Each structure stands twice: as structure tokens, then as C-alpha cells.
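Predicted model only: the values in this text are computed from it and were never measured. Note that these values count all heavy atoms, side chains included, but never hydrogens, waters or copies made by symmetry.
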Amino acid sequence: MKATTCGLLQQPRWHANGQAALECPAAPLCLITRPGHAAAALLRLIVPDGPCSNSPGPSTDGMPANTQWACGQATHSGTTCQAACAPGYVNVARTTRTAACLDGLWEQPTGDMTCILGTDPCRQPPPLLWLPAGGEWDCQAPVSHAAACTASCEPGYNRTGAITAWCFNGNWVQPTTSITCTPAGCPSNPKPQLDPDALWSCQLPTAHGAACTAGCNGTNAPDPTTAICDFASKIYYFNVQGLGHNMISLIEDIHSGAALTMANNVLMQRQKDFALYNPALCVLNISVQDAWISQSTSNTQRRRAASQRLVEHGGMDEVVVGVQVLLGQGFVAKTAEAVLDAAINTPSAMSYLITLGQALARDKLVSEFCISQASMSLAVSDSTGRPLGASAGRDSCLVQLMPNTPANSSAGIISAQHSSSKSKVTVCGGVNTLYATFKYIATSSAEGNSILAARITGSNTTACSVTPAVLPGNATGTVVTVTCQKDDGSAFTEAATAELLLTANFTCSGAQSITASTTNITTAPRPTITVRLGRQPQPGCGGKPAVAVFRYKVNGMLIGQDFEVAAQVGPACTTKVTYHPSKANGIVIVTCSGAFVPGVPVPVELNMTASPEGCGNIQGSAKANVSVLCCTTGSSYAKADSSSSSSSSKPTCFQHSRPGATGEQCAKAVTASGYSNQGPGSGKLFLAQKSNSCSDAVEVGSVNVSCPDGAAANKVHFKIATPAAFRSSERRYFVSCAAPTSSPTCPGSPRWVSVRAKSGQPGLPEGYNSTVIDGVSTVEFNVTAGCSCSSVYHGIVDFASYRNLPLSACGK
């Protein structure tokens, strides 16, 4: 900072002697110099009750590594600022480093802290979105901090490239590389089980999905004549309808893994029956590899639902089940595959298999009526999601409902998060309507109209509407809006999570199908703001501004939820808002201007408004009554207590010119009146209220005069005590061997001496000592008089700014 020079300010009743300049190279340290003087004095300037600037802020000397001050904009006098760890670091010490602000100056920081890198583990594997179809992560959660997770391809895929995700303090760092998973082919010809007499002419290795034809190696034509190189697994989707409790049991069985046991038990026990249906099925080693609750019957990407999903359809409950069937290894006979598709597409056969599986698992029969329909959709595919077989049709269609609700403060939506596996929206408590939007995506082969409906699952007190409710089947890209309200019109105030389910019924290759999607809407409690009185400054004097300090706190904010705060006060008041230690916890200083009368409290009211994202405005208020003191700047005189004085002389009032005045005494007018006392004793300081008479109505301090060497000696000891808040600017005394004279034409002429005068001469102070204890300022000194201590005449005058005086001192 460039040094600046300014003239010294002159205090009242004093003037500068000579020229001086003040250079401030870096506040609050200033350099004062005078012409002709080589030496310079370094001053430390203070601002009583003033705030400390946080630019540059507290000292960084000795600051621990990886720490920084977090003080906000300014720190009020009497409060502290705390240091915080740098982003990514945590404090492992029991203490923190703090710095106190006092009268506009930072104190030396104290305390210590140790900031180290955070080491929280990653509690979930890396996102699947970072991998291609067929890719999988090799690690299992939790993963330690600074550990890596690599990825590979599922069986049946060939990997190219490499990818590594690193865990850093509980979060995954997205890789900069990627992998590709390509379906593997068949290295050898189909097995003899398909047809021992067939002569296969496959081009080896055969690419995945390629067909291979057979010639005759005997008298009979080969059966089958064509085989396809596949992963030897197929995926089927089923719309299963039934009574609610049976559907819930089915969902629970699938989520728990019991469904796999059921299905494979059925296949194991009934394998011999397959030949009765079609001999081609005997060559397949059929087993169920996986089962799940799907989002759609036509979703060939196997997107799994995060929770149970029931869709009401025609008075029954409907669930979409995805099943991956393992057919063996190598080439799959196309004719056998067609037979399997036909069997699975038979409702009676599927009902038989499902009910029998439940009966085997629970050791009880389940009526075939429990499942009214089991119809396979047209989304039959292999494990890569590629449509496979005649049953899939050449124009297999796809309909998806993609959640895309944006954050919207006006709709009460605080935040929105969407991924391939879940959709989450957070709204502010108190909204009357829940909003969600979805993007309708469909292939051109979707037929007719799609009928859309929505509801809050598990709730019978809400109603939802969809706009538009009917779409052309192939109207891809359309944004669908869902609104839900309570039946009684009340607001959503309870902290809870509701699952909003949107369904679309559509036609695909002439068959009815359904797809569904959900968004979890969490209602967060509405934030509040509280305002209270803070640490109040010293009351002001009459005619001065009234100052009140308030503290506010915004409660219930969510992580990442931003907000603004504003303060409102009366027309004659201003505010200063300081975030301490954060924007959610602050200090507000209210200053109101006006000629306020001593003794009459000034009412000050603060209204605070916070505007959290998605929650509108929240308000809080508080009131303060600011005291107005009686204050004055003037002088006070010591008056001895006659009862404690060893002298028979009583205090006398004499008129004189103002202490410290120079020139011929009789040429001056009377400007002050004070007391003259004789001998040792105690007394009091009384405020001088008039210039032509003495007053003992307002006590402002005490005085004690003693004879340290005895009454006959000439040494006199003075002790003056006043409240430190009075901030005395000058104290003077006189000692005389004769009573001072006084008349209107020639005021008394005692020799008033400053208590800070240099000692070494008769009549000047010696042994000066000043202390401040418990708010009381005490000054002591000795004076050598020209006569005995017991007979000496003396007087004391104190110049100060007097505060908190009786109202009578201000004319009341």
C-alpha cells in the first residue's frame, strides 16, 4: 500500500504546536513525524467498537498447512473469526485456530489445527453410465479412499481398451479413458446334439449373430437347417396380471432371488415333459439365469426398476417381469428357438409354470386363477438387447418415459437428479402441487395412440393428471407434465418421499403393451429464520444515533440449497449485514438517526427475509429498546467531606478563570466556579453545571487527600478515582498556603498544574501512577507544598466526557 500523509487532528481545547505529518503505510500502524526531528513515532490506531476488515484479515503468520481464514466480509468488535480446512481436507485436531477482533484491530491468532486429506470411502460402485453395454465394474463397495476400480466385459464379450475410476474422499473421479465391449463369436461348429447327420459349413470363427447352414450328411434332410451364433441366452418380458397380494408376493420373490429357485426347480422337474411338447426342446439345456422387475415390456436394454412397481390395469394389478433364459452354449437351433418362443408365448403354459413354481417354493398349491393372464411382449431379444427370432418381429418397437424434471423455484422444486437407475426430485414443504415431467421416446413403429396415466403409489388421498394424456404412438420427443394434488386441497407439508408412477399403454406389432417410469418426490421441511437480540453495544447519548445489534439464523437448509437474505428497518434507520460465521448465521447492526431524548428508550425493529431456492420468502423479526443516556462534556471539582476533614476549614466556592488559561488574571472574566479545600480528608467530584456558582448535585468521582509523611510535613498525596467510561482528557490541581481570593472583577488566581506535569520542582507532581481496575480509573501522585500538609489549601478539577449521568444533569 502506498504511504499517505495527512494533517493531525486537533483535539478540543488544544491546538497543534508546530507542524506535523501522519504517514500511514499500512493501517492501523501510522508514522508521525515533525519537521526538524529525525526520529518518528509509530502509532497504533484503534476504532472504538469498530469492526475488523477481513481483507486482508487476521495474520497468516504461523498458519497451519492447508488452512484458510473463513471470516465473511467483516468481523464485529468482540467476536472471533475461525480458520477452516481447505477444500478436500478435514481437521483432525481437537482445537481450531481463531483470531479475536477488538476495536477494529485483529488480535494475535491462537489455537492450532491439523488439516489432512479426507479419506472417506466410496460406498457405491462407480456409475454404470460410465460403461458401455456389456461392461461391468470389477470392485465391490465400499472402496477405500485413493483406491482404484477397473472394469471388464461380461462373459461373451471381448474387451478393448482400459478404464479406471479412482475413489477420492467418498466420490468417484470420472475416468478419461473408456472401453468397448464387443460380442464374441463362435469358435467351432454346432454340436452334434442338434443333428448328428448334419454337415455344417460355418465360417469359423463365426461372428455373433451370424447364421450357419447345414448340408445333408446322410439320407435325411438336416433338422434344423439353420443355426445362429448367439450368447446362448434370451431375454423375455412379460405383462403379468393378478390380484394385488399375489403380485406383491411375486415381486418379493423376484427381489429376494427366490424366483430363480422357483423357475429352475420347475425346469429341473419338468425337463422330460418338454419332449412331449416338441422334441427340439430336448437339445436345449434350459435354465433361468436372472429375473427382475422391468420398466417396460418393450425395453430391450434391461433397465431395472429400483423398487416394486404395480400398475392398475382393468381392475387387476399388473407387473412387468424380465427373465433371462440360458439355452446352453454355442450355436442355438433356430427351429428350437422358435419352438421355445411359441411355448413361452402361450398364456396357459406360462400360468402353469409360474403357479407351479410358487407351489414348489411354498409347498402349497396356488390356484391358476391367481394369474389371469401371462402374455409375452414382442421384445424378445438376446443378451445384447438385439431383437432375435420371428416372435420379435422385424419392426420391434420401443417406448420409454424418461424423467427430466428440472429444478424450478416457482414450482417449489429445490433440486432434481436423474440417472439411468433413478430419478429424484426435492420440493419445499408447503407446496400445493407436485410437479414432474417426462420425455416420451418412441420408435416410428409404435402404433395407434399411447394412453398415459399417473398416480402416487400407495396413496388414496391424491389425484394426478397428465398433460397430454393421449399421444400418437410415435410422437417421440414430447414432454409430458404430471401434476398431483391432495383430494382435500391441503398442502404437502410432511417430510416424506412419494413415488410418482407414470404409465403408457401402447400398441406394438398389433399387441398391447405397457411401459412405466417413476420419479421419487421428496418433500423437505420448509426452512425457517429466527431473529434475536445480539450482544448490544454501550448505550448512546442523547442526540446521537441509536444502535442495536441483532443475530439471525436460517434453519433447515438442504445441502447445496442457495438463498438470499435481506433486512428491513424503519425509514430513519440503516442496516449492515455481516455473515458470521456463514450466510445462514449472521449479525445485523441497525443504526437509527434522530435527536433522541435522554431517558426515553428508542424502539428499533428488524424484519429479516430469506429467500431459499424453491421455498419463496420466509420471515422473522425482533425488537429492541435502545437506552438513551444523559451525557455531557465538561468539568468537575473536588469537594471535601467536612465530616472526614481534619481541618476546621470548610470547602469554599471561589470564582476563577478556566484552569489552564494564560495572561493577566484580573483582565479575565469569570468562566468557572470550583471548590477550595484545606488539609487532608476524603471528598467527591461534583459536576460543574454553572460558571458563576458551585454545584454538588451530580457526583462523578471521588478524591482522597492524605499526609504520607505526617501532618507537619509538607508532602501531600492525592488519589482521584472516576469511572473509566468517562474517559478523562485532563486533570489539574492547585496547592497553596493561603486561601485563593475571588471577586467578580478579579477572579481567583491559583496555579492550576496538570497532574502529568514533569516533576523535579517544588509544587509539581511526583510518583504519578495510573491504573484501571474493574472499570474504575485511578490516578495517584504526590505534591511538595510550601507549608504543612495539615494547613495546605488545595483543589482538583477533572475534564471528561461524562456518560450515564442522572437525568437532572441534562435538565430533566
*Identify the two heavy atoms, one from Gly412 and one from Val431, that lie closest to each other, and give their separation to 0.1 Å.*
CA-CG1, 3.9 Å
*Would Leu401 and Tyr440 count as a side-chain contact (heavy atoms from CB on, under 4.5 Å) if you check the C-alpha gap in whole Å, the side-chain angles of each, and the deciding distance to 0.1 Å?*
CA-CA 5 Å; Leu401 301 169; Tyr440 178 88; 3.7 Å; yes
*Evaluate the side-chain proximity of Ser415 to Leu558: yes if any heavy-atom separation is below 4.5 Å, no if none is.*
no
*State whether a side-chain donor-acceptor pair under 3.5 Å links Asp138 with Ser152.*
yes
*Could you please spell out the steps behind the side chain to side chain donor-acceptor pair (under 3.5 Å) verdict for Asn158 and Thr182?*
CA-CA 5 Å; Asn158 294 325; Thr182 305; over 6 Å; no
_Can you tell me which residue among Thr522, Leu434, Thr433, Asn408 is in a side-chain contact (heavy atoms from CB on, under 4.5 Å) with Val427?_
Leu434
_Quick check for you: to the nearest 0.5 Å, what is the distance between Thr519 atom OG1 and Glu499 atom CD?_
9.0 Å
*Indicate the atoms forming the closest heavy-atom contact of Trp130 with Ala165, along with that distance.*
CZ3-CB, 4.3 Å
*Any side-chain heavy-atom pair of Thr518 and Leu502 under 4.5 Å*: no
*Please tell me if the side chains of Ile414 and Cys615 come closer than 4.5 Å, counting only heavy atoms from C-beta onward.*
yes
_Does Thr437 form a side chain to side chain donor-acceptor pair (under 3.5 Å) with Asn404? I'd like the steps, not just the answer._
CA-CA 6 Å; Thr437 59; Asn404 66 347; 2.9 Å; yes
*Any sub-3.5 Å donor-acceptor pair from Trp137's side-chain atoms to Pro127's backbone N or O?*
yes
_For the CG atom of Leu131 and the CD1 atom of Ile163, what is their distance to the nearest 0.5 Å?_
5.5 Å
_Side chain to side chain, Pro527 and Cys428, heavy atoms closer than 4.5 Å_ = yes
*Take Val425 and His418, measure what side-chain contact (heavy atoms from CB on, under 4.5 Å) needs, and give me the verdict at the end.*
CA-CA 8 Å; Val425 172; His418 309 292; 4.2 Å; yes
*asked:* Set out, in order, the CA-CA distance, both residues' side-chain angles and the distance that settles side-chain contact (heavy atoms from CB on, under 4.5 Å) for Thr493 and Thr523, then state yes or no.
replied: CA-CA 7 Å; Thr493 56; Thr523 301; over 6 Å; no
*Working to the nearest 0.5 Å, report the span between CG of Asn474 and CD1 of Ile441.*
14.0 Å
*Locate the shortest heavy-atom distance separating Pro142 from Pro121; write the atom from each residue and the value.*
CB-CB, 4.4 Å
*Beyond-backbone contact of Phe438 with Leu452, side-chain heavy atoms, under 4.5 angstrom*: no
*asked:* Quick check for you: to the nearest 0.5 Å, what is the distance between Ile456 atom CD1 and Phe492 atom CZ?
replied: 6.5 Å
*Supply the atom-to-atom distance Met557 CE to Thr528 OG1, rounded to the nearest 0.5 angstrom.*
10.5 Å
*Checking side-chain contact (heavy atoms from CB on, under 4.5 Å) for the pair Thr530/Tyr552: CA distance, chi angles, key distance, verdict?*
CA-CA 6 Å; Thr530 55; Tyr552 74 86; over 6 Å; no
*asked:* When you compare the side chain of Thr405 with that of Ile413, does any pair of heavy atoms fall below 4.5 Å?
replied: yes
*Between the side chains of Ser611 and Asn617, does any donor sit under 3.5 Å from an acceptor?*
yes
*When you look at NZ of Lys486, are more than 12 heavy atoms from neighbouring residues, nucleotides or ligands closer to it than 6.0 Å?*
yes
*Around Lys583, counting heavy atoms of other residues, nucleotides and ligands shown, do more than 12 lie under 6.0 Å from its NZ?*
yes
*What is the minimum heavy-atom distance between Asp487 and Asn460, and which atoms define it?*
OD2-O, 3.6 Å
*State the CG-OG distance between Leu500 and Ser459, to the nearest 0.5 angstrom.*
10.5 Å
*Does the pair Cys122/Cys167 show an SG-SG distance of less than 2.5 angstrom?*
yes
*asked:* Tell me the closest heavy-atom pair linking Gln561 and Pro612, and the distance in Å.
replied: NE2-CB, 3.6 Å
*How far apart are the closest heavy atoms of Gly560 and Glu613, and which atoms are they?*
O-OE1, 4.2 Å
*Any salt bridge between Arg526 and Glu494, counting N to O under 4.0 Å?*
no
